[in-house]
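For reference, the structure is listed below as structure tokens.
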Amino acid sequence: MCFMFSVKFETQKFVEEELSNINMPEMKGKEGRFQYTITDVKITELNLTHADLQFIPEVGLLFDVQNSSITLSFHRRILYWFFYDTGNINASAEGVNINTILNLIRDDDGRLKINNITCDARIDKMKAQFSGTLGRVYDFLASFLTSGMRFLLNQRICPALNHAALVHVNSMLETIPVRTEVDQYIGIDYSLIDDPVVTSRSLDMNFRGMFFDLSHQNDTLVNYAVDPVIREYDRMVYLALSEFFFDSGMFSYFTAGIFQMDIVNEKMPKDLEMLLRTTYFGAIMMLNPALVEAPLSLQLAVNSPPKTSIKTSGATVVMTAIVKVMVLPPGQPPVQLSSMTMVYTHIHTSFFYFFRILLDFFDSNIFKIFSNQSALESLALIPLQAPLKTMLQMSVVPLINNWTKRGVQIPLADGMDFIEEVVEYHNGFIVIGANLHFSKGLREMIAGNTEMEPETNTV
């Protein structure tokens, strides 16, 4: 699968880079008439051709290297009787086997964390080639020196990988925020609810996926949505978003008080103003004939959080709002002429753009308006249906879109991007699939996260 190949490739590169930086100690000793010192040990090449990355159910991620090779070089100083010789030694380790299992957990802050690493490394054999004037004479030392070198190298591989995972990778994961601001009104909590679950085909992570009002962070919406089920495996990453995700966003904006506005003066279309004056002329005359030319306004406030319903056929968003028709006497408090309720149902089959949620309410919609005062007035409001619907599309919907279309920032390490996105609708949730593109190696990404904020993609 593409997922396994791409991630395996980046993991293999990371392991190769970490092993290349292994520090080997100086070796000194005596064997018969020989006294030797080995310094400047360097790994010059790794050939991890037989590497595999697997999911081990209920255990973790397995990175397995079998029958690979490592090439080293080091400097020798040897004293034999009265002869002193120096030179370089090229050595190769064959039958390199590394078995590493990463156990992943949720930390106290809800972040993904490598809890521990189980590592077993073994080098089957090692051989060395001597150069210099006494190179052939020293051939019998090769088995002795390579045995010691093989022992030391065996002892260095697992500690190097342990440090890379538990320190370097975890330090990168710690830079990713799990609770952050979306804008000046709301924030989002995408912390892990529980430990990741490893199956034979995937790594499953259950995120909170909840918005909150920054001024009332403890006011949260109860989650009655169905639990998403992901059955696809063609993409590297699948993100399932339930109705709760969208409802919590609308709920947070609602409690923040942004879904309300006054339409007055130049904000009110002239034809709508004329229609309102005609409709409420009698009420104004009964109230005070002197107010016939006074400005009119519409005070609109969404009176409950908009609700989202997701089906295989598309998504529906229902919003209700109270609209008050007010006359504005000069120098006096506004006077209410009427109060009505608007119910706006928007049906959309494709309003989820990948990593950018656009609530575009102009495809298909149902609009209802009725009086809060009497059934008779509801009949009188029928001529207002069309202009109020147009006004809603020109003012209220852009107000909602202005906040929702900005999207949600999903932090990714610098060097990771989503490509080849797909979106599927299900009953109660949507599934967004994508592949990961690595423009940088894992080691470079870790180094970059210590210097800059994580790159983000928008949902």
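Keep in mind the model is a prediction, meaning the values are calculated, not measured.
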Does the side-chain hydrogen bond (donor to acceptor under 3.5 Å, both in side chains) test come out yes or no for Y238 and D204, once each step is laid out?
CA-CA 10 Å; Y238 283 94; D204 300 337; over 6 Å; no

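A315 and Y425 make their closest contact through N-CE2, 4.0 Å (heavy atoms, listed as atom of the first residue, atom of the second, distance). Among all heavy-atom pairs drawn from A240 and P228, the shortest one is CB-CB, 3.4 Å. Nearest heavy atom pair, residue L112 against residue P196, reads CD1-CG, 3.4 Å. Nearest heavy-atom pair, S248 versus M210, reported as atom, atom and distance to 0.1 Å: OG-CA, 3.8 Å. The minimum heavy-atom distance between G95 and N67, with the atom names listed, is CA-OD1, 3.9 Å. Nearest heavy atom pair, residue G187 against residue L214, reads N-CD2, 3.8 Å.
Rounded to the nearest 0.5 angstrom, L61 CG and D64 CG are separated by 13.0 Å. Note that CD1 of I43 is 6.0 Å distant from CG of L19, once rounded to the nearest 0.5 Å.
Counted by atom type alone, N103 and N115 present one or more donor-acceptor pairs between their side chains at under 3.5 Å. A donor and an acceptor atom, one from each side chain of D247 and T308, are located under 3.5 Å apart. H216 and D213 share a side-chain donor-acceptor pair at under 3.5 Å. A donor-acceptor pair shorter than 3.5 Å cannot be found between the side chains of E45 and N47. Side-chain polar atoms of T320 and S304 form a donor-acceptor pair below 3.5 angstrom. A donor-acceptor pair shorter than 3.5 Å can be found between the side chains of Q217 and R179.
The number of heavy atoms from other shown groups lying within 6.0 Å of CG (D227) does not exceed 12. Counted within 6.0 Å of NE2 on H50, heavy atoms from surrounding residues, nucleotides or ligands total more than 12; the atom is thus considered enclosed.
Separation of the F251 and F212 ring centroids does not fall under the 6.0 Å cut-off.
Of the candidates D108, L104, D107, D107 is the only one forming a side-chain contact (heavy atoms from CB on, under 4.5 Å) with K113.
Taking the six-membered ring where tryptophan is involved, the planes of H163 and H168 are perpendicular, since the angle between them exceeds 60° and thus also 30°.
Sorted by first and then second residue, the salt bridge (charged side-chain N to carboxylate O under 4.0 Å, His left out) pairs with a member in residues 426-436 form an empty list; sequence neighbours excluded.
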